[in-house]
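Everything numeric in this text was worked out from a predicted model, so none of it was measured. Note that ligands are numbered from 1 as they come in the structure, with each ligand's atoms numbered from 1 the same way.
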Amino acid sequence: MAFSPLVDELVESLRCLPGVGQKTAQRMAFHLLERGRSGGVRLAGSLNRAMEGVRRCDSCQNFADTELCPICEKPERRNGTLCVVESPSDLLAIEQAGDYKGSYFVLMGHLSPIDGVGPEEIGIERLLRRVEEEGVTEMILATNPTVEGEATAHYIADRLDGKNVLITRLAHGIPVGGELGYVDGFTLTHAFRGRKPLAD
Ligand SMILES: [Zn+2]
């Protein structure tokens with residue numbers, strides 16, 4: 001239907017975003033071209049810089065601009081408590097709740113053999129190394145309360161067997177099948193305070 005190959009290319013590119021189909025991509029492209037040129041230019045610049053410059057933190061695997069993310073750079077956060085989450089949005093939700101003062105490990109997913117995601121893909125060896133190197137005494141397995149999240153938590157707990165690390169799991173308030181990133185701060189804080197040892 002092309003009236004402009006450049007517009008077509010923009011629409012096609014926008015479709016790489018999650019939940020954006022042809023119609024939405026067209027609406028976005030037309031909006032940027034009609035009324036949002038300066039925003040569009042800024043967006044293009046940010047996209048470029050982020051795609052080139054954002055890497056994974058060497059310690060926690062979260063997105064970072066430098067070798068260590070701002071949380072891992074703070075020595076006081078390495079206080080022996082390590083919280084394992086599935087995604088950066090889970091980490092953000094916990095940080096915004098404001099109660100937790102330990103360090104993190106971001107799996108960037110969960111175990112999913114059917115999709116070819118094994119322990120290596122989510123960084124389990126790196127996680128276990130940190131337990132040794134930092135003298136972790138408590139690991140909070142804050143993976144999502146989904147089938148995959150539970151399976152991932154149990155796998156990690158099994159790998160820590162005999163290592164003298166207290167393993168806890170978030171308690172009440174987190175809806176089964178839900179995602180931490182969408183839980184309000186109050187509920188999340190309560191779930192944290194009510195965490196309990198992971199049962200076999
Ligand atoms: Zn980090």
query = If waters are left out, how many protein N/O/S atoms lie within less than 2.8 Å of the Zn ion (ligand 1)?
reply = 4
query = Could R126 and E134 be called an ion pair, given the rule that one side-chain N must be under 4.0 Å from one carboxylate O?
reply = no
message = Less than 4.0 angstrom from a charged side-chain N to a carboxylate O is my criterion; do K163 and E132 meet it?
response =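 Salt bridge: yes.
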task = With Y104 as reference, evaluate L82, D90, I94, V84 under the side chain to side chain contact (heavy atoms under 4.5 Å, CB included) test and give the passing residue.
result = I94
query = Does the side chain of M139 come within less than 4.5 Å of L141's, by heavy atoms?
reply =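 Yes; the side chains approach each other to less than 4.5 Å.
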query = Are any non-hydrogen side-chain atoms of C69 and C60 less than 4.5 angstrom apart?
reply =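 Side-chain contact under 4.5 Å: yes.
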task = Determine yes or no for a side-chain-to-main-chain donor-acceptor pair under 3.5 angstrom, with R55 supplying the side chain and D65 the backbone.
result =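 It does not hold such a pair.
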